[in-house]
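Okay, structure first, notes after.
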Amino acid sequence: MSRHHRRRSERAGRRAEWIAVWFLRLKGYRIVARRRRTPVGEIDIIARRGGVLAFIEVKHRADPAIGLAVVTPRQQQRIIRAAGWFISCHPEFAAFCLRFDVILTAKPGWLCHTVAAFQPETG
């Protein structure tokens, strides 16, 4: 991937995150953190509403038909581990119900918020 293409993708990703933040705010969420880096991974958006703390992965794709397949099981595990790290550093959120969402953006004006898109394995 060329440096120019990588920069363009990065800009599109940041724009998608900005759109997702405003979308969430309009739905009544309070943004707790954006682009939170942990030693085990990054979380695009952490937002709360009521007793729910949502860890949200934002993806921008040219084709909306791609759907949730853009968040691979490996990425899901990375996000889940990063969420655990975040909670361990912020015990004030320990009693919240944790949820893992995906916001997918595509062509201008197209956005899909999948609530509880994935969850940690229990066992």
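Here the side chains of Arg14 and Arg35 are in contact, with some heavy-atom distance below 4.5 Å. When side chains are defined from C-beta on, Val71 counts as touching Lys59, because their heavy atoms get closer than 4.5 Å. Residues Phe23 and Ile103 are in side-chain contact: their nearest non-hydrogen atoms beyond the backbone lie under 4.5 Å apart. Using a 4.5 Å cut-off on side-chain heavy atoms (C-beta onward), Phe93 and Arg48 make contact. Considering only heavy atoms from C-beta on, His90 comes within 4.5 Å of Arg36 through its side chain.
Arg99 CZ to Phe118 CZ: the interatomic distance, rounded to the nearest 0.5 Å, is 11.5 Å. One distance of note links CD of Glu17 with CD1 of Ile19; it measures 10.5 Å at 0.5 Å rounding. Put simply, OG1 on Thr38 and CD1 on Ile43 are 6.0 Å apart, with the number rounded to the nearest 0.5 Å.
With Phe55 as reference, Ile46 is the one residue of Val32, Ile45, Ile46, Ile80 to meet the side chain to side chain contact (heavy atoms under 4.5 Å, CB included) rule. Residue Val21 is tested with Asp44, Leu26, Ile31 for a side chain to side chain contact (heavy atoms under 4.5 Å, CB included); the sole match is Ile31.
Counting only residues at least two apart or in different chains, side chain to side chain donor-acceptor pair (under 3.5 Å) contacts with residues 76-88 are absent.
No chain of hydrophobic side-chain contacts below 4.5 Å, direct or via other Ile, Leu, Val, Met, Phe, Trp or Tyr residues, connects Val58 to Leu53. In the hydrophobic clustering of this structure, Val52 does not group with Tyr29; members are Ile, Leu, Val, Met, Phe, Trp, Tyr whose side-chain heavy atoms approach within less than 4.5 Å, directly or through other members. A continuous path of Ile, Leu, Val, Met, Phe, Trp and Tyr side chains, each step under 4.5 Å between heavy atoms, connects Val70 with Ile79, placing both in one hydrophobic cluster. Using a 4.5 Å cut-off between side-chain heavy atoms of Ile, Leu, Val, Met, Phe, Trp and Tyr, with links allowed through other members, Val40 and Phe86 fall into different hydrophobic clusters. A continuous path of Ile, Leu, Val, Met, Phe, Trp and Tyr side chains, each step under 4.5 Å between heavy atoms, connects Phe100 with Leu104, placing both in one hydrophobic cluster.
Enclosure of atom CD in Glu42 by more than 12 non-hydrogen atoms of other residues, nucleotides or ligands within 6.0 angstrom is indicated. The number of heavy atoms from other shown groups lying within 6.0 Å of CZ (Arg25) is above 12. Enclosure of atom CZ in Arg7 by more than 12 non-hydrogen atoms of other residues, nucleotides or ligands within 6.0 angstrom is indicated.
Arg49 places a side-chain N or O within 3.5 Å of a backbone atom of Lys27 that can act as its donor or acceptor partner. Distance alone, capped at 3.5 Å, places no donor-acceptor pair between the Thr114 side chain and the Ala117 backbone.
Contact detail for His60 and Ala106: the closest heavy-atom pair is CE1-O, 3.2 Å. The shortest non-hydrogen separation linking Asp101 to Ala54 is OD2-CB, 4.0 Å.
Taking the ring axis of Trp18 as reference, the NZ or CZ atom of Arg15 does not stay both within 45° of it and closer than 6.0 Å to the ring centre.
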